[in-house]
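Quick caveat, the model's predicted, so the values are computed rather than measured. Quick note: numbers below take in every heavy atom, side chains included, and nothing from hydrogens, waters or symmetry partners.
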Amino acid sequence: MEKLEEFLEWGGTKKDITFLILGGISLIFSIFDLLPLPFDAAWVAIILCGLPIILEAIIGLVTAFDIKADVLVSIALVASVIIGEDFAAGEIAFIMQLGALLEDLTVAKARAGIEKLVHLTPQTARLVKDGQEQIVPAEQIRVGDVLRVLPGETIPVDGEILSGETSINQAVMTGESLPVDKTAGDPVSSGTVNQFGAFEMKATKVGEDSSIQRMIRLVQSADAGKAKIVSLADRWATWIVVIALSAAALTWLISGEIIRAVTILVVFCPCALVLATPTAVMAAIGNATKHSFLVREGDALERLASVSKITFDKTGTLTYGKPEVTDVYCCSSDYSPQRLFRYAASVEALSEHPLGKAIVSGYQKEYTEKPPAAQQFQMLPGRGVKGLVEGMEILAGNREMLTEAGVSLPAQMIDRAERHLDNGCTVIYLSAGREPMGFLALSDTLRQDAAGMIAKVKNTGVDPVLLTGDHGNAAENIAGQLSIGEVHAECLPEDKLNWIDAYQKEDNKVCMIGDGINDAPALKKAWVGIAMGGVGSDIAVDAADIALVNDDIKELPHLIRLARRMMVTIKCNLSFSMALNFVAIVLAITGILNPVVGALVHNAGSVLVIINSSLLLKWKWKGERK
């Protein structure tokens with residue numbers, strides 16, 4: 001059976017498309033008798049399209065006694081051939097293979113996200129022993145070992161800083177947009193990146209216990225409990241087979257006409273039923289693509305239609321993920337906002353810190369005058385920067401830096417800065433010649449369409465939830481601006497995973513939207529995962545069911561409504577196909593339909609299902625059309 005399965009998989013989608021084209025051409029030759037062949041041209045369709053169906057049915061029955069729709073199709077095919085209705089057999093095979101191909105085209109591509117996560121794991125570490133440094137494989141590190149990490153290097157294991165000051169890019173674990181200052185006694189996680197200062201650390205968790213390895217395991221196991229939607233035709237296949245065979249047998253016994261029995265089997269074939277779902281899904285995926293959504297899982301839209309909660313990551317999803325200067329405060333009339341900003345841009349021009357780059361960029365947007373070049377520039381990891389500008393020593397950094405330099409900050413300046421800090425901003429204090437000048441407040445900014453999108457999501461009946469690795473103040477501030485009532489801050493990857501798991505245990509179908517590596521486990525665990533494909537990590541995209549290519553989040557409400565409309569279309573298709581089957585069966589029992597006409601009726605039903613599904617390609621919600 002394994003060799004038979006390998007044979008059926010040979011050639012993949014290209015083979016299936018080729019066989020369908022040849023089968024369709026052969027049916028045209030058959031119905032119009034275009035070639036004087038010694039056999040009916042429909043046999044080409046029977047062999048190329050029908051034989052794989054029969055073999056699949058046999059494999060399913062023998063290996064797992066799995067009765068699917070292809071069992072009834074196989075019976076109808078064989079019966080049609082036996083009584084000489086070759087065209088009917090070929091047409092059934094062609095329609096069923098067309099439906100199978102459409103379903104295959106909606107199946108997700110292979111994911112490479114776990115491999116990419118593995119590549120994030122450092123392969124070597126700098127082990128310090130007896131004052132000597134040696135580079136060793138990371139797997140040889142043991143708890144208690146002392147390691148040295150240089151600027152730009154990835155931290156190999158979880159640990160605690162013993163000496164040195166630095167800033168750590170923790171986006172892998174928390175999604176935070178800004179590096180976090182660290183000093184002796186602070187914990188650091190494997191997979192995060194040391195930005196600026198060198199430091200020594202003591203290993204506390206190694207190997208499989210380290211943070212990056214735990215995340216790999218989370219991504220590998222997160223979707224284990226996610227149920228896959230089974231097609232309705234396969235779900236009802238057992239009953240369809242039993243009813244069809246019973247009806248055919250009783251008709252044959254009562255009427256004595258085997259052609260009526262075969263016609264029943266032909267019209268009972270769930271052709272339109274099989275096409276009902278994949279054609280609607282394909283059309284909806286085409287619509288979603290026009291709105292910049294790349295649907296990577298075939299049944300993702302089916303699942304999205306039933307979600308009751310959407311959990312949003314903050315940084316890079318609801319916000320741009322880049323800090324901007326939001327306030328320039330001068331504590332003395334000796335300095336104007338432009339002058340303070342100019343001095344800050346001067347000393348930060350040589351800094352590689354994201355905050356420094358944001359200050360320089362903000363100044364260039366605001367003013368045309370170039371800032372003067374700073375002399376004797378010095379960067380103090382975990383503190384800030386300093387340099388000489390126009391003969392004055394300029395300090396730009398955190399409050400601790402200015403306090404250590406003997407700069408006394410006025411109470412009014414501290415109070416105003418505290419208000420910014422309470423709103424989740426980062427504050428850069430400045431002094432000139434050891435006298436306070438003021439400060440710059442920086443914060444991540446909301447995406448332009450975020451508030452409108454959240455309001456429209458609420459109108460669909462879905463509850464928004466904020467899940468973020470950022471601090472509580474920043475999270476609450478953003479949630480307040482967006483009117484999101486439920487907020488969970490300072491979430492590590494496993495925390496996001498646990499929140500989603502808790503919601504789903506309460507019978508909430510959860511959609512997760514995120515952009516970072518730290519969101520990958522949650523994206524995979526959620527009933528539906530949507531990744532920000534433009535700015536997002538490719539690991540997050542690989543873990544998600546849907547990717548938003550250009551990060552235009554205002555289209556999200558359209559996607560939710562499209563998914564629901566798709567389900568309405570599928571239900572209409574199913575109802576129509578089942579009604580058509582019922583009418584055709586009655587006509588077959590009474591002898592009005594023969595196998596060829598029955599196949600044509602089925603063909604007409606399948607065409608109508610495809611036409612109805614195609615309406616989804618240009619569908620828009622009425623509220624969007626105004």
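The side-chain heavy atoms of W621 and K456, taken from C-beta on, include no pair separated by under 4.5 Å. Using a 4.5 Å heavy-atom cutoff, the side chains of L587 and L593 are in contact. The closest side-chain heavy-atom distance from L556 to I530 is below 4.5 Å. With contacts defined as side-chain heavy-atom distances shorter than 4.5 Å, the pair V465/Y503 qualifies. P52 has its side chain within reach of Q97: a pair of non-hydrogen atoms, C-beta onward, lies under 4.5 Å apart. Residues D313 and M512 form a side-chain contact, since some pair of their non-hydrogen atoms from C-beta on lies under 4.5 Å apart. Annotation: side chain of S483 is not in contact with side chain of I454 (no heavy-atom distance under 4.5 Å). Side chains of L559 and I546 form a contact here, defined as non-hydrogen atoms less than 4.5 Å apart.
For K505, the salt bridge (Lys or Arg N to Asp or Glu O under 4.0 Å) partners two or more places apart in sequence, or in a different chain, are D501. Applying the salt bridge (Lys or Arg N to Asp or Glu O under 4.0 Å) rule to K554 yields the partners D552; only residues at least two apart in sequence or on another chain are considered. Every side chain to side chain donor-acceptor pair (under 3.5 Å) that N612 has, sequence neighbours left out, goes to N573. In this structure, K290 has no salt bridge (Lys or Arg N to Asp or Glu O under 4.0 Å) partners at least two apart in sequence or on a different chain.
Checked by atom type and distance alone, the side chain of Q504 pairs as donor or acceptor with a backbone atom of W527 at under 3.5 Å. Between the side chain of N287 and the backbone N or O of L616 there is at least one donor-acceptor pair closer than 3.5 Å. Counting only distance, with no hydrogens or angles, the side chain of S308 and the backbone of N508 share no donor-acceptor pair below 3.5 Å. Although no hydrogens or angles enter the test, the distance criterion places a donor-acceptor pair under 3.5 Å between the side chain of S614 and the main chain of I611.
For the atom pair CG of D545 and CG of D299, the computed distance is 7.5 Å after rounding to the nearest 0.5 Å. Taking CG from L22 and CD1 from I17, the interatomic distance works out to 12.0 Å, rounded to the nearest 0.5 Å. Atom NZ of residue K496 and atom OG1 of residue T468 lie 6.0 Å apart, to the nearest 0.5 angstrom. Going from atom OG1 of T279 over to atom CE of M566 covers 10.5 Å, rounded to the nearest 0.5 Å.
Annotation for T326 and C425: closest pair OG1-SG, 4.3 Å, computed over non-hydrogen atoms. Across every non-hydrogen atom of S613 and A283, the tightest pair is O-CB, 3.1 Å. In terms of heavy-atom proximity, F19 sits nearest to C49 at O-SG, 3.8 Å.
Ring geometry, W499 versus H488: the interplanar angle falls under 30°, so the pair is classed parallel (tilted spans 30 to 60°).
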message = Assess the residue pair V586 and F582 against the criterion (side chain to side chain contact (heavy atoms under 4.5 Å, CB included)); give the C-alpha distance rounded to whole Å, side-chain angles, the decisive distance to 0.1 Å, and a yes or no.
response = CA-CA 6 Å; V586 172; F582 177 76; 4.3 Å; yes
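Screening residues 478-490 for salt bridge (charged side-chain N to carboxylate O under 4.0 Å, His left out) gives K309-E486 as the qualifying pairs, with residues at least two apart or on separate chains. Residue pairs that meet the salt bridge (charged side-chain N to carboxylate O under 4.0 Å, His left out) test with at least one member in residues 563-588, sequence neighbours left out, do not exist here.
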